[in-house]
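Data block below; observations after.
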Amino acid sequence: SGTVKVGTDSYSNTTVKGVSEVYFDMLGYTIDEGRLLNYVDLENNKKVCVVGAYLNRVAYGGNALGQTIKIGAAKYTIVGVLEAKVTDLEEQEGSNDDMIFVPYTTVSSYSVAIADENKLSEGKTILEDALQELLHSDSGYMVTSLSEMLDTMTSMVNMVVTILTAIAAISLLVGGIGIMNIMLVSVT
């Protein structure tokens with residue numbers, strides 16, 4: 001994630017995805033200019049990317065190949081431009097033509113979708129075991145599910161509500177004592 005910039009222009013609707021070399025075939029993307037990502041790009045963590053037709057047209061005037069693009073703090077060299085999927089140029093922004101594909105090895109966080117949410121904990125365990133085996137360590141990574149994050153946020157909100165309730169109760173108690181003192185003073 002990060003802001004996509006070409007020169008001083010930012011592209012907030014552009015989607016950036018970390019992918020492997022087989023991603024394009026799986027989804028039927030066709031190259032228009034240059035090349036797709038390859039295994040060597042992934043293996044060597046190369047800062048290269050493939051852009052969609054929208055960025056090629058709008059940001060580079062049709063000459064994106066070989067240019068650089070900034071994603072967050074990193075600069076990537078454009079090695080390929082995809083063929084347009086959207087025919088109406090007015091509808092390209094934010095569409096499948098407004099994308100950047102980088103090697104997943106250059107990305108610091110990953111999202112994984114599980115087809116059956118009932119197998120979420122099993123999927124998390126599989127990911128943790130694979131990372132442990134790959135890195136030979138149980139540190140340096142963290143696997144968190146959205147349901148765990150939601151549980152944590154709910155717990156935090158409940159704690160804040162409890163604290164605010166206690167503060168309100170103390171305020172009422174202190175305010176009530178102050179009123180009683182005032183009433184006693186005016187009676188005597």
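Counting from 1, the numbers follow the sequence of the chain as shown.
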Compile the donor-acceptor pairs under 3.5 Å between side chains in residues 18-34 and protein atoms, sequence neighbours left out, one pair per line.
unit_1: Ser20; atom_1: OG; unit_2: Val22; atom_2: N; d: 3.4
unit_1: Tyr23; atom_1: OH; unit_2: Lys17; atom_2: NZ; d: 3.2

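- Annotation: side chain to side chain donor-acceptor pair (under 3.5 Å) contacts of Lys46 (sequence neighbours excluded): none.
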Next on the checklist: The test is side chain to side chain contact (heavy atoms under 4.5 Å, CB included); show your working for Val50 and Ile100 and say whether it passes.
Outcome noted: CA-CA 6 Å; Val50 174; Ile100 302 172; over 6 Å; no

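- In this structure, Cys49 and Val102 approach most closely via the heavy-atom pair CB-CG1, 3.8 Å.
- Between Arg35 and Asp41 the shortest heavy-atom distance is NH1-OD2, 2.7 Å.
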Indicate every side-chain donor-acceptor pair of residues 58-81 with a distance under 3.5 Å to a residue at least two apart or in another chain.
unit_1: Tyr60; atom_1: OH; unit_2: Thr68; atom_2: O; d: 2.7
unit_1: Tyr76; atom_1: OH; unit_2: Thr106; atom_2: OG1; d: 3.2

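- To the nearest 0.5 Å, the span separating CZ on Phe101 from CG on Leu36 amounts to 10.0 Å.
- For Tyr104, there are no side chain to side chain donor-acceptor pair (under 3.5 Å) partners, not counting sequence neighbours.
- Under the rule for a side chain to side chain donor-acceptor pair (under 3.5 Å), Ser121 has no partner lying at least two apart in sequence or in another chain.
- Here the shortest heavy-atom pairing between Val48 and Pro103 reads O-CD, 3.1 Å.
- The line from CG of Leu120 to OG1 of Thr125 is 9.5 Å long, rounded to the nearest 0.5 Å.
- Residues passing the side chain to side chain donor-acceptor pair (under 3.5 Å) test with Asn45, sequence neighbours excluded: Thr105.
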